[in-house]
Amino acid sequence: MENLYDKTKFILKKYNISANKSLGQNFLINDDVVNKIIESSDITDNDLVIEIGPGLGNLTEFLLEKAGKVIAIELDQRMITILNERFSLYNNFELINEDVLKVNLKELINKNKNSKITNVKIVANLPYYITTPIIMKLLEDKLDIETITVMVQKEVADRLIAVPGEKVAGAITYSVYYYATSESISIVERNSFIPEPEVSSEVIKLTIRKEFPVKLLSEENFFKIIKASFMQRRKTLINALVNGGILQNKDEVKRVFDNLKIDYNTRGETLPIEKFAEISNYIIKNKF
């Protein structure tokens, strides 16, 4: 059977194209990695799979064999021709030529769920430059999806799946942890792609939570506080909350900290998600 490397080389030659750097394209040519993505996605014929950035369709081919339906969202017009020609015989394939950030995914999901298609899963080999906005859109839109299995830059993956309060954690860690549980599936070396990216990648899987880990009076306020505390990592949380416009002055912050028994020298990056929830709820409740 033809391997992914030969297949990819053939398609690139046939259509006389190369990867578009501005779109962050790197074509996956490692059969083992594709198998791991497919396996860990746990796809059945009851699933609608939304694939973001299918490129040449190396992953799409396997998704179509497993899923009830695959909707591929691809921005690059050159890939549209290839994907249409490759998969025109599949009756469970739909292609959308659009930037995924502009697609109304909620509407798309509602339109495609039925008595047979009962679950929705996201699968993607995401362009590095736009990973965070896409992940945040998928989570913040509170879509009716079960899992998100994506390949991203390893450094970003480590932040996405960290536990809040760990050294590697960033503001996005808390967002992901709030909306989903996460796991690492596989580290992917640079030579698994053509052209080779400059860094390693990682396949991760996010499983959307049925219940949030903390109860919030205001999600907006909660995430604003986290964002402010990570904008100024080196500063104490007291300074970060004042500089970030969360509270007016240090005395106000100290009053909150006294009531919640938080040390004045605490830095935001060390706090578990529960403490951020306490701070946010206290501020809302006491109308600071």
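This chain uses plain numbering: 1 for the first residue, then up along the sequence. Not measured: the values here are computed from a predicted model.
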Polar side chain donor-acceptor pair, Glu61 to Tyr90, under 3.5 angstrom
no
Would you list the pairs meeting salt bridge (Lys or Arg N to Asp or Glu O under 4.0 Å) in which at least one residue belongs to residues 90-108, sequence neighbours left out?
Lys69-Glu94
According to the interplanar angle, ranging from 0 to 90°, do the rings of Phe222 and Tyr178 count as parallel (below 30°), tilted (30 to 60°) or perpendicular (above 60°)?
tilted
Suppose the criterion is salt bridge (Lys or Arg N to Asp or Glu O under 4.0 Å): which pairs have a residue in residues 122-134, not counting sequence neighbours?
none
Filter on side chain to side chain donor-acceptor pair (under 3.5 Å), then keep only pairs touching residues 190-200, sequence neighbours left out; what's left?
Asn30-Ser192
Does a sphere of radius 6.0 Å around CG in Asn114 hold more than 12 heavy atoms from other residues, nucleotides or ligands, not counting ones at 6.0 Å or beyond?
yes
For Ser280, all residues meeting side chain to side chain donor-acceptor pair (under 3.5 Å), sequence neighbours excluded:
Asn221
Only counting residues at least two apart or in another chain, list the ones meeting side chain to side chain donor-acceptor pair (under 3.5 Å) with Glu278.
Lys275
NZ of Lys7: more than 12 outside heavy atoms within 6.0 angstrom?
yes
Start with the C-alpha gap between Leu12 and Phe27, add the side-chain angles, then the distance that decides, and say whether side chain to side chain contact (heavy atoms under 4.5 Å, CB included) holds.
CA-CA 10 Å; Leu12 292 175; Phe27 302 122; 3.7 Å; yes
Arg255 side chain reached by Asn286 side chain, heavy atoms, under 4.5 Å
no
Using the ring of each side chain (for Trp, its six-membered ring), is Tyr264 parallel, tilted or perpendicular to Phe257, with breaks at 30° and 60°?
tilted
Would you list the pairs meeting ring-ring contact (aromatic ring centres under 6.0 Å, His included) in which at least one residue belongs to residues 91-139, sequence neighbours left out?
Phe87-Phe93
Verdict with supporting geometry, Lys36 and Val203, side chain to side chain contact (heavy atoms under 4.5 Å, CB included):
CA-CA 9 Å; Lys36 271 183 186 157; Val203 179; over 6 Å; no
Does Asp47 reach the main-chain N or O of Val49 with its side chain, forming a donor-acceptor pair under 3.5 Å?
no
Does Pro195 offer a backbone N or O that forms a donor-acceptor pair with the side chain of Asn26 under 3.5 Å?
yes
Within residues 206-223 or reaching into it, pairs that qualify as salt bridge (Lys or Arg N to Asp or Glu O under 4.0 Å) - sequence neighbours excluded:
Lys142-Glu219
Would you say Asn58's side chain and Leu28's backbone share a donor-acceptor pair under 3.5 angstrom?
yes
Kindly write out the residues that satisfy ring-ring contact (aromatic ring centres under 6.0 Å, His included) with Phe230, not counting sequence neighbours, or none if the list is empty.
Tyr174
Residue pairs, two or more places apart or on separate chains, that pass salt bridge (Lys or Arg N to Asp or Glu O under 4.0 Å) and touch residues 129-138:
Lys137-Asp141
Other members of the hydrophobic cluster containing Met231, with the 4.5 Å side-chain heavy-atom rule, please.
none
Donor-acceptor contact present, side-chain Thr131 to main-chain Pro127, <3.5 Å:
yes
May I ask you to decide if Gly68's main-chain N or O and Lys116's side chain share a donor-acceptor pair within less than 3.5 Å?
no
So, Glu51 side chain and Val123 main chain: donor-acceptor pair closer than 3.5 Å or not?
no
Under 3.5 Å: donor-acceptor pair, side chain of Asn97, backbone of Leu75:
yes
Results of side-chain contact (heavy atoms from CB on, under 4.5 Å) for Asn20 - residues two or more places apart only
Ser22, Leu23, Gln25, Asp76, Arg78
Under the side chain to side chain donor-acceptor pair (under 3.5 Å) test, residues paired with Glu85 that sit two or more places apart:
Tyr15
So which atom in Ala124 and which in Ile52 form the shortest heavy-atom distance, rounded to 0.1 Å?
CB-O, 3.5 Å
Quick one: does Asn92's side chain have a donor or acceptor within less than 3.5 Å of a partner on Ala67's backbone?
yes
